[in-house]
Trainee: 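Below: one structure in structure tokens.
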Amino acid sequence: MRRILRRLVAPLVLGLAAIAAPAGAAPACPQAATTLHAPLPHLARALASGAPVGIVLVGIGGSRAEGPEGPFAQTLAKRLERGFGGHEVRVQYVPTPGMLAKDSAERVRRAATEAEPALVIWRTGMADALAMTDPAKFGNTVRRVAEWLSVQSADLVLVDLAYHAGSAQEANYRRYVDALAEVGRGAEAPVFRRYAIMEAWARAGATPSQPAAAESCLAEALAAAVLQQAGR
Amino acid sequence: MAADQREWRIDLFRGLALVMIFINHIPDSPLAPFTSAHYGFSDAAEGFVLMAGIAAGLVFLRRLDRAGPAEVTARAWRRAFDLYAAHLVIVLLACAIVAYAAHVEGDPRLLGWINLGPVFDDTAAALLGVVLLGHQPGYLNILPMYIVFLLALPLLLPLAAARPKLLLAGSAALWAAANHWNLNLPHYPNEDGWYFNPLAWQFLFVIGLVIGTRMSRGLPVVPRSNLLLGAAIAYLILAVPLQRDEDLIWPSLPLPWFLYGLDKTYLTLPRLLHALALALVLARLPVAAWIARLDRPGILVLLGRQSLAVFCAGSVLAVGAQVARFVLEAGVALEAALVLGGIALQVGLAMLLAWMEGAGRKGRPAAVPVAPGGRAALGEGGGG
């Protein structure tokens with residue numbers, strides 16, 4: 001059904017996009033100093049075994065390739081596949097558009113139960129920050145998922161929130177960034193500090209002008225950090 | 001029990017569900033402990049869909065008996081169109097609220113609120129998605145599911161009346177198949193399924209529909225087994241610590257996920273059983289009378305009778321309250337005021353609509369028959 005829908009609307013959408021979007025080459029990525037502070041033993045073990053490596057991307061991708069989130073998912077998947085050399089990599093996307101962590105958690109558990117991945121990358125926190133859920137409960141929800149995944153022999157990498165310079169509500173966003181950092185320290189689930197990277201870019205005046213380019217650069221940095229921890 | 005009294009209880013519980021849905025749509029508000037979601041696997045959405053099915057059975061079976069399937073089809077599809085139009089209006093209003101907040105705050109991250117991101121970032125595709133019901137913002141996704149149920153009603157209703165066991169078996173099989181094979185209606189432009197998966201949730205609606213058709217025919221609907229009642233109470237009590245325990249790690253069992261997971265999208269078994277257990281307890285014990293004694297002015301019944309308008313208003317007010325809470329960095333007192341103020345506005349709307357209906361009836365010629373207490377609005381208003 002989705003294919004039929006896509007076939008019906010794609011020509012119109014592509015036509016409109018061609019009118020609206022000027023062509024341009026992607027700029028080089030600004031510096032993004034990031035390392036994951038905890039190892040990824042399950043991923044390393046899966047790579048060492050030579051078996052296909054399952055990766056579940058939660059809250060990442062799901063949008064059309066032309067959409068702003070498309071580049072992040074595509075770049076991340078391609079870089080990981082390339083970085084793992086000849087290993088067969090099976091990437092599964094679990095979209096959680098606008099969903100709170102407590103609702104996304106069920107999607108994570110279901111996907112991990114069915115796909116048995118070695119690595120789960122979960123981008124979360126933005127919906128909770130906007131809805132102003134209790135940061136402590138939010139952190140607890142994520143921690144429980146991290147511990148559950150550990151029992152399932154899967155590593156979890158958390159990706160925290162996006163930064164935008166000039167918002168009066170930054171203190172609110174930071175509460176959820178801090179909650180994820182706390183989970184990362186306690187549950188050995190490394191956090192990819194997207195918020196800090198984007199803040200550093202903004203302070204240095206180095207933020208890519210196109211949102212899609214920024215997303216690609218962040219995905220490059222995340223992939224590099226994962227590959228480094230996996231010994232690649 | 002008289003038919004009128006049964007319908008009164010449905011209105012009351014539907015009104016209660018509307019209030020709880022509104023509170024749930026402002027997550028972690030100070031009033032969250034007053035909702036069923038706080039104490040169990042299911043929440044007010046399950047109750048609302050079950051009661052929508054009951055109301056549809058009550059109202060549309062009478063119409064089927066009186067005027068035939070063509071009339072039922074016309075009415076149900078007309079109602080589906082009304083819900084569709086209402087859905088588009090509330091999505092548009094939610095977009096306007098979020099766009100205004102993002103503009104005032106100068107923060108583009110706000111545009112991603114409740115999954116509205118594609119409307120602003122990928123507008124051409126998202127607009128197509130919205131009108132085709134393929135793109136559903138968060139908290140505004142119950143009506144599309146109910147539209148599907150109303151479109152299917154002309155097929156479901158005769159089966160519910162004549163072959164209820166066959167319909168229930170088929171419905172259960174579809175629920176299990178949707179869960180087992182992750183079948184869902186597509187989202188567009190996001191690559192996702194509907195948040196309220198109609199292929200799974202139809203089971204609860206069909207259970208309600210069968211109950212409603214039996215009530216309409218004066219047949220017994222509530223199991224009298226005390227053993228079953230005891231099991232239902234035990235299940236509800238067991239769910240409380242499991243739901244409240246913040247350190248509990250949900251187990252992995254050698255069973256299909258939907259038999260023990262808690263995924264709302266697929267209405268997994270623990271959620272379904274929780275909703276049915278709650279319905280059984282509410283039907284067997286005089287809970288409605290207790291609530292009615294507390295609610296002497298009949299506010300909940302009033303809300304339940306204007307369910308579509310109240311639901312739509314509540315959906316938009318909840319988005320507004322979320323935005324206000326964020327922008328104003330509201331403390332507990334202001335949060336409580338936002339929630340209570342939103343409920344007061346919905347009550348005011350329901351009172352206004354009831355008054356307008358009363359005024360409209362007074363202005364009609366005496367020869368036009370009028371259902372007592374605005375009953376005709378009950379089942380047809382079940383979308384909200």
Side-chain angles (χ1 to χ4, degrees), chain A residues 1-3 5-6 8-10 12-13 15-17 20 61-64 66-69 93-100 102-103 105-107 109-110 112-114 126-134 137-138 140-141 144 147-148 151-152 161-164 166-169 171-173 211, chain B residues 25-29 98 105-110 112-118 121-126 128-129 132 134-135 137-139 182 185-193 195 246-253 256-258 261-266 268 322-323 325-327 329-330 335:
Chain A
M1 194 181 290
R2 181 178 292 149
R3 204 170 293 155
L5 194 67
R6 222 166 258 293
L8 286 172
V9 299
L12 172 60
V13 172
L16 291 171
S63 295
R64 297 178 324 120
E66 294 85 352
E69 290 193 357
Y93 297 97
V94 180
T96 56
M99 285 167 64
L100 302 177
K102 69 183 172 73
D103 296 323
E106 278 305 305
R107 300 274 173 100
R109 280 197 273 257
R110 182 171 192 141
T113 302
E114 292 171 353
M126 186 56 79
D128 285 82
L130 294 173
M132 286 185 75
T133 60
D134 182 341
K137 282 187 189 167
F138 161 74
N140 206 33
T141 299
R144 285 161 69 179
E147 289 172 2
W148 183 87
V151 175
Q152 304 300 310
L161 288 71
Y163 174 82
H164 179 78
S167 167
Q169 311 300 330
N172 179 49
Y173 291 113
Chain B
H25 282 189
I26 307 169
D28 289 348
S29 82
V98 167
E105 289 290 302
D107 185 349
R109 287 170 296 184
L110 271 60
W113 214 315
I114 58 169
N115 190 25
L116 285 175
D121 299 330
D122 196 7
T123 308
L128 286 168
L132 294 172
H135 183 70
Y139 305 112
N182 291 345
L185 298 189
H187 231 249
Y188 182 86
N190 284 356
E191 290 176 2
D192 195 8
Y195 182 73
E246 296 191 348
D247 292 318
L248 178 76
I249 308 285
W250 202 247
S252 286
L253 302 173
W257 172 253
F258 73 96
L262 295 174
D263 193 344
K264 186 171 183 177
T265 293
Y266 284 86
T268 49
Q322 277 199 30
V323 169
R325 179 166 71 166
F326 181 82
V327 171
E329 297 182 66
E335 275 188 44

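Just so it is clear: chains get the letters A, B, ... in the order the sequence lines come, proteins before strands, and each one is counted from 1.
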Trainee: With heavy-atom distances below 4.5 Å as the criterion, would you say the side chains of B:Asn182 and A:Glu114 are in contact?
Mentor: yes
Trainee: Minimum heavy-atom separation for A:His164 and B:Gly106, please, with both atom names.
Mentor: NE2-O, 3.4 Å
Trainee: Pick one of side chain, backbone, both or neither for B:Trp113, based on which atoms fall under 4.5 Å of a heavy atom in chain A.
Mentor: both
Trainee: Can you say whether A:Leu100 sits under 4.5 Å from chain B via the side chain, the backbone, both, or neither, judging by heavy atoms?
Mentor: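 Side chain only.
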Trainee: Between the side chain of A:Glu106 and the main-chain N/O of B:Leu262, is any donor-acceptor distance below 3.5 Å?
Mentor: yes
Trainee: Any donor-acceptor pair under 3.5 Å linking the side chain of B:Arg109 with the backbone of A:Ala162?
Mentor: yes
Trainee: Side chain, backbone, both or neither: which part of A:Ala105 has a heavy atom under 4.5 Å from chain B?
Mentor: neither
Trainee: Restricting to non-hydrogen atoms, name the atom on A:Ala168 and the atom on B:Glu329 that form the minimum distance, rounded to 0.1 Å.
Mentor: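 Where A:Ala168 meets B:Glu329 most closely, the heavy atoms are O-OE2, 4.2 Å.
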Trainee: Less than 4.5 Å to any heavy atom of chain B: does that hold for the side chain of A:Asp128, its backbone, both, or neither?
Mentor: neither
Trainee: Give, as side chain, backbone, both or neither, the part of B:Asp28 having an atom under 4.5 angstrom from any heavy atom of chain A.
Mentor: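 For B:Asp28, side-chain heavy atoms alone lie under 4.5 Å from chain A.
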Trainee: Which one, B:Gly261, B:Ala126, B:Pro108, leads in non-hydrogen pairs under 4.5 Å with chain A?
Mentor: B:Pro108
Trainee: So which part of A:Asn172 gets closer than 4.5 Å to some heavy atom of chain B, the side chain, the backbone, both or neither?
Mentor: side chain
Trainee: What distance separates B:Ile114 CD1 from A:Leu130 CG, expressed to the nearest 0.5 Å?
Mentor: 10.0 Å
Trainee: Tell me, for A:Lys102 versus chain B, whether the close heavy atoms (under 4.5 Å) come from the side chain, the backbone, both or neither.
Mentor: neither
Trainee: Where does A:Ala127 contact chain B at under 4.5 Å (heavy atoms): side chain, backbone, both or neither?
Mentor: neither
Trainee: For the candidates A:Glu147, A:Arg107, A:Arg110, A:Met132, which exhibits the highest count of non-hydrogen atom pairs separated by less than 4.5 Å from chain B?
Mentor: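 Answer, by heavy-atom pair count under 4.5 Å with chain B: A:Arg110.
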Trainee: Contact part of A:Thr113 toward chain B, heavy-atom cut-off under 4.5 Å: side chain, backbone, both or neither?
Mentor: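 Interface part for A:Thr113: side chain.
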Trainee: A side-chain contact here means heavy atoms from C-beta on lying under 4.5 Å apart; do B:Asn190 and A:Pro95 qualify?
Mentor: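 Answer no - side chains too far apart.
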